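See below for the structure under consideration.
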Amino acid sequence: MGETIFTKIIKREIPADIVYETDSVLAFRDIRPQAPTHILIIPKIEIPAVTDIKGKEHASVLADLFDAANEIAKKENLVEKGFRIVINCGPDGGQEVYHLHLHLMGGRKFSWPAG
Ligand code: AMP
């Protein structure tokens, strides 16, 4: 799997509205927001999709993604009312960019089941 647009964002080759960064994780606002707050949280290493996750090998970066989500949720004032985290996987899951990412969305009420 080749480089995606998210790798270009990590390398600062294309711009993004970056809200959070550590050595292992980057987070930036989605260009087509589906909620008042819609932030993508990605690992800096290339893991294309959920199906490429190897639990033991990737344990630390997966923990970092969720630590980032909680930090950002606090900064964006989403903790009290709640928020939604989504990971799309594959064509039926609606995945467009093959670089693992959490969608962190909040600021409105979400319905269930997801569409
Ligand atoms: P997914 O469908 O789960 O793969 O999600 C990909 C997401 O990336 C979509 O919500 C897009 O709106 C978002 N996206 C694509 N290109 C960019 C970009 N250059 N900057 C920010 N978000 C992007």
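Scope of the values below: all heavy atoms of this structure, side chains included, with no hydrogens, waters or symmetry mates. Note that this is a predicted model, so its numbers are computed, not measured.
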### Query
Is Q34 reaching over with its side chain to a backbone N or O of R32, donor-acceptor style, under 3.5 angstrom?
yes
### Query
Got a sec, which pairs hit ring-ring contact (aromatic ring centres under 6.0 Å, His included) with one end in residues 71-94, sequence neighbours left out?
none
Mind listing the side-chain donor-acceptor pairs of residues 14-23 below 3.5 Å, one per line with the distance, residues two or more places apart or on another chain?
from : atom 1 : to  : atom 2 : distance (Å)
E21  : OE1    : R12 : NH2    : 2.7
E21  : OE2    : K44 : NZ     : 2.7
T22  : OG1    : S24 : N      : 3.2
T22  : OG1    : S24 : OG     : 3.4
T22  : OG1    : V25 : N      : 3.1

## Note on the structure
Shortest non-hydrogen pair, G106 vs A35, comes out as O-CB, 3.6 Å
#### Entry: Side chain proximity check, R84 to L104, heavy atoms < 4.5 angstrom
no
### Query
Does the side chain of I42 reach to within under 4.5 Å of the side chain of I10, using non-hydrogen atoms?
yes
## Note on the structure
Residue set satisfying side-chain contact (heavy atoms from CB on, under 4.5 Å) with E76, at least two apart, ordered chain then number -> R29, T37, I39, I72, L78
### Message
According to side-chain hydrogen bond (donor to acceptor under 3.5 Å, both in side chains), who are the partners of E13, at least two apart in sequence or on a separate chain?
### Response
none
### Query
Are V97 and L102 connected in a single hydrophobic cluster, I mean Ile/Leu/Val/Met/Phe/Trp/Tyr linked by side-chain heavy atoms less than 4.5 Å apart?
no
### Query
What are the two closest heavy atoms between Q95 and C89, and how far apart are they?
OE1-CA, 3.4 Å
### Task
List, by chain and number, the other hydrophobic cluster members for W112, where Ile, Leu, Val, Met, Phe, Trp and Tyr join if side-chain heavy atoms come within less than 4.5 Å, directly or indirectly.
none
### Message
Do P43 and L65 have side chains that approach each other closer than 4.5 Å (heavy atoms only, starting at C-beta)?
### Response
yes
### Task
State, to 0.1 Å, how close A68 and I41 come at their nearest heavy-atom pair, and which atoms those are.
CB-CG2, 3.9 Å
### Query
Do H99 and H101 have ring centres separated by under 6.0 Å?
no
### Message
Any heavy-atom pair between the side chains of M105 and V86 that's under 4.5 Å?
### Response
yes
### Task
For the pair N70 (side chain) and D67 (backbone), establish whether a donor and an acceptor sit closer than 3.5 Å, ignoring hydrogens and angles.
no
### Query
Among the clusters formed by ILVMFWY side chains lying less than 4.5 Å apart, do V50 and L62 turn up in the same one?
yes
### Query
With hydrophobic residues grouped by side-chain heavy-atom distances under 4.5 Å, do I5 and I45 end up in a single group?
no
### Residues in side-chain hydrogen bond (donor to acceptor under 3.5 Å, both in side chains) contact with K11, at least two apart in sequence or another chain
E3
### Message
Could you measure the distance from the CG atom of L40 to the CG atom of D30? Nearest 0.5 Å is fine.
### Response
4.5 Å
### Query
With a 4.5 Å heavy-atom cut-off, do E46 and T7 have their side chains touching?
yes
### Atom pair NZ/OG1 of K54 and T51 - distance to nearest 0.5 Å
9.5 Å
### Query
Does some side-chain heavy atom of D52 sit less than 4.5 Å from a side-chain heavy atom of H58?
no
### Task
Check whether any side-chain heavy atom of L100 sits under 4.5 Å from a side-chain heavy atom of F6, and report yes or no.
no
